[in-house]
Amino acid sequence: MNKIYISILVFALAVGFSACEEDDCSQFHIDTDMMGIPTVLKGTFPLGKQTMTIGDSMVFAPQLLDTTGVAYSWAIDGREVSTDSAFTFRVTKPCRAKLLCTLTNEKGKVMLESEMASRQDFTKGFFVVQEKEIGFYDEVSGKLYADCYQSLNGGEKVTNGSGSDKIFVAQADRKLYAMTYTSMTNIDHLLVVDRENFSGETWASVVNGIVSFIPLNERYAILSGFKAVYRLDLFTMKKVLLSANAAKPIFNGLVFNGKLLVNATYGKELKAAYYDVKELIDAKEGYLPTATELDILQNRKANFVKAKDGNVYTLYSSGTDYRLARITGDFKVETVSLPFQIAKAEYWSTLYFPTLAVSGIENALFIPSADNAVYRYVWGDASSWKKPFVAAATEGESELSGSGIEVDPLTGELYVLYPDRIGVYAVDGSWKKTIVCEENPQAILFNH
């Protein structure tokens, strides 16, 4: 609502209330000098902000001094939803919306506006990233609400929902960073979202093919993909091209002891490596610092996780040799052979792929296998491999979806992602609940 609209509306309300005081009536007038446009009776339309609970509804039925020839139009966030004389606003999921009622007759029109908002604590639940949207699972109600970014941000979508558009979401500090990966243009976009109230703050244009967002600190991050590596200033949203060498992408990374551990392979066999974080922050345009290789071979994408023992872990995948690798604080590498094939993440996997996960309450790692089971491993405990922590699902429903697994950092519960649901397992491996999803869940972002 622009300033001119606000001024006209406030003037109309002020004149109406003044007229009521002068003639001691209970009506909310638009003065006769307003040429007979629709006159609303005082108090029959709740103006301002209305805060409601999910499941509540509110009826808006403005009473007019004269309804002759009056046309009604109701719009939510600029989209007309009704032309009836009354409208019921229902809160079905977390939302923020502007409700505008336009009353029109042959003399002119009057616009009444009310702002609607749901009560929602986003710390009591987690965000569910799907291919084209971001939902929220409310742990209090036990409900998964789809596409909450749209309902909380004036009807805006993270993607336009066409073509092969997909999103990747990372989190750093109190922000979410949602990257739109699209086939429709040559430019992808990065959306910054406040985690506390889930409101979009700003868009930044990047370039086509960006598939990873890796925070370096509270100010800088690395954007990388199939074509280039950029350093992004999170305060100004300005980017600096560090490398346009397609042979040196960075698909995954983790800052550890002043270094950025990276996985740079997308099909051929390469070694994991690390960059000095200060060198990355200070690097001039066109200069990607030299990386130091680690004795960890990888022929597919693999992530890094830091465990409670202070070490970092990743997966070793060379031919049919599958291992779990441990990286110590002085960047020494130890490996242990896995008695199963790890879940595949081929080079054409763009955004999410099966990942290694770590418990936040014990020194245990969770590894998805190629047959879609999940193993729980404690370093040095050979008995960990005797049977899967979570067996593969039944035939026809066995494939993992997106990142495959996530672990709640506070409870240690394991979340297994399937194409149509999320299975939740307690720390002892027992099934706890199933969360049904309308679309493929790609990742979970806990908001504790």
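We're numbering straight along the sequence, starting at 1. Just so you know, these numbers use all the heavy atoms, side chains as well, and skip hydrogens, waters and symmetry mates.
To the nearest 0.5 Å, atoms OG1 (Thr355) and CD1 (Ile342) are separated by 11.5 Å. With rounding to the nearest 0.5 angstrom, the CG atom of Leu288 is 6.0 Å from the CG atom of Leu242. Taken from CG in Asn217 to NZ in Lys278, the straight-line distance is 12.0 Å, to the nearest 0.5 Å. Taking CD1 from Ile54 and OG1 from Thr92, the interatomic distance works out to 8.0 Å, rounded to the nearest 0.5 Å. Rounded to the nearest 0.5 angstrom, Cys148 SG and Ile134 CD1 are separated by 9.5 Å. Taken from OG in Ser403 to CG in Asn303, the straight-line distance is 9.0 Å, to the nearest 0.5 Å.
In summary, the aromatic rings of Phe89 and Phe60 are positioned with their centroids too far apart to meet the 6.0 Å limit. Aromatic rings of Phe304 and Tyr313 (six-membered ring for Trp) have centroids beyond the 6.0 Å cut-off, not under it.
Residue Gln341 places its CD atom among more than 12 non-hydrogen atoms of other residues, nucleotides or ligands, all under 6.0 Å distant. Heavy atoms from other residues, nucleotides or ligands lying under 6.0 Å from NZ of Lys175 number more than 12. Environment of NZ in Lys433: crowded, with over 12 heavy atoms of neighbouring residues, nucleotides or ligands closer than 6.0 Å. Around the CD atom of Glu438, the shell of radius 6.0 Å holds no more than 12 heavy atoms that belong to other residues, nucleotides or ligands.
Residues Val390 and Leu414 have side chains in contact (heavy-atom distance under 4.5 Å, counting atoms from C-beta outward). At least one side-chain heavy atom of Leu103 sits less than 4.5 Å from a side-chain heavy atom of Leu112. Side-chain contact between Val129 and Ile444 is absent, with no heavy-atom pair separated by less than 4.5 Å. Counting heavy atoms from C-beta outward, Arg96 and Asn197 have side chains that approach closer than 4.5 Å. Contact of the Ile405 side chain with the Leu417 side chain is not registered, since no non-hydrogen atoms from C-beta on lie closer than 4.5 Å. Residues Met58 and Pro46 form a side-chain contact, since some pair of their non-hydrogen atoms from C-beta on lies under 4.5 Å apart. For the pair Leu241/Tyr287, no side-chain contact is recorded, criterion being any heavy-atom separation below 4.5 Å from C-beta on. By the 4.5 Å heavy-atom criterion applied to side chains, Asn447 and Leu445 are not counted as neighbours.
In the model, Gln120 has a side-chain atom that pairs as donor or acceptor with a side-chain atom of Asp138 under 3.5 Å. Thr434 and Arg421 share no side-chain donor-acceptor pair at under 3.5 Å. Counted by atom type alone, Gln298 and Asn263 present one or more donor-acceptor pairs between their side chains at under 3.5 Å.
Arg174 has no carboxylate O lying under 4.0 Å from a charged side-chain N of Asp194, or vice versa, which leaves the two without a salt bridge. The pair Glu439-Lys132 does not meet the salt-bridge criterion, since no charged nitrogen lies less than 4.0 angstrom from a carboxylate oxygen. One finds a salt bridge joining Arg376 and Glu362 here, because a Lys/Arg side-chain nitrogen approaches an Asp/Glu carboxylate oxygen to under 4.0 Å.
A parallel orientation is assigned to the rings of Phe87 and Trp74, their planes being inclined by less than 30° (bins at 30° and 60°).
Between the side chain of Thr39 and the backbone N or O of Leu64, no donor-acceptor pair lies under 3.5 Å. Side chain of Asp56 to main chain of Met52: no donor-acceptor pair is present (N/O by atom type, distance under 3.5 Å, no hydrogens or angles). Checked by atom type and distance alone, the side chain of Ser224 pairs as donor or acceptor with a backbone atom of Ile250 at under 3.5 Å. Using a distance-only test at 3.5 Å, with no hydrogens or angles considered, a donor-acceptor pair links the side chain of Asp276 to the main chain of Glu279. Without hydrogens or angle criteria, Thr44 side chain to Gln63 main chain gives a donor-acceptor distance under 3.5 Å. Judged by distance alone, with hydrogens and angles left aside, the side-chain atoms of Ser114 form a donor-acceptor pair with the main-chain N or O of Gly48 at under 3.5 Å.
A search for side chain to side chain contact (heavy atoms under 4.5 Å, CB included) contacts involving Lys93 returns Tyr145, Asp147, Ser151, not counting sequence neighbours. Qualifying side chain to side chain contact (heavy atoms under 4.5 Å, CB included) partners for Asn440, counting only residues two or more places apart in sequence or in other chains: Glu131, Ser401, Pro419, Gln442. A search for ring-ring contact (aromatic ring centres under 6.0 Å, His included) contacts involving Tyr72 returns nothing, not counting sequence neighbours. Partners of Tyr220 by ring-ring contact (aromatic ring centres under 6.0 Å, His included), not counting sequence neighbours: none found. Under the salt bridge (charged side-chain N to carboxylate O under 4.0 Å, His left out) criterion, Asp233 pairs with Arg219, sequence neighbours left out. For Phe366, the ring-ring contact (aromatic ring centres under 6.0 Å, His included) criterion is met by Phe389, not counting sequence neighbours.
Counting all heavy atoms, side chain and backbone alike, Met179 lies closest to Leu223 at SD-CD2, 3.9 Å. Pairing each heavy atom of Ser359 with each of Lys308, the nearest pair is O-CG, 4.1 Å.
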For Glu413 and Lys432, what are the C-alpha separation, side-chain angles and deciding distance, and is it a side chain to side chain contact (heavy atoms under 4.5 Å, CB included)?
CA-CA 9 Å; Glu413 294 172 342; Lys432 186 174 181 181; 2.3 Å; yes
Determine, step by step, whether Tyr415 and Phe446 satisfy the ring-ring contact (aromatic ring centres under 6.0 Å, His included) criterion, reporting the C-alpha distance in whole Å, the side-chain angles of both residues, the deciding distance to 0.1 Å, and the verdict.
CA-CA 11 Å; Tyr415 289 68; Phe446 293 98; 5.3 Å; yes
Would Phe127 and Phe122 count as a side chain to side chain contact (heavy atoms under 4.5 Å, CB included) here? Give the steps.
CA-CA 9 Å; Phe127 299 112; Phe122 289 109; 4.0 Å; yes
Stepwise ring-ring contact (aromatic ring centres under 6.0 Å, His included) check, Phe168 with Phe213:
CA-CA 8 Å; Phe168 172 84; Phe213 174 97; 8.0 Å; no
Evaluate the criterion side chain to side chain contact (heavy atoms under 4.5 Å, CB included) for residue pair Val305 and Leu254; output intermediate values, then yes/no.
CA-CA 7 Å; Val305 293; Leu254 178 71; 5.8 Å; no
Does the side chain to side chain contact (heavy atoms under 4.5 Å, CB included) test come out yes or no for Phe45 and Val110, once each step is laid out?
CA-CA 12 Å; Phe45 186 97; Val110 170; over 6 Å; no
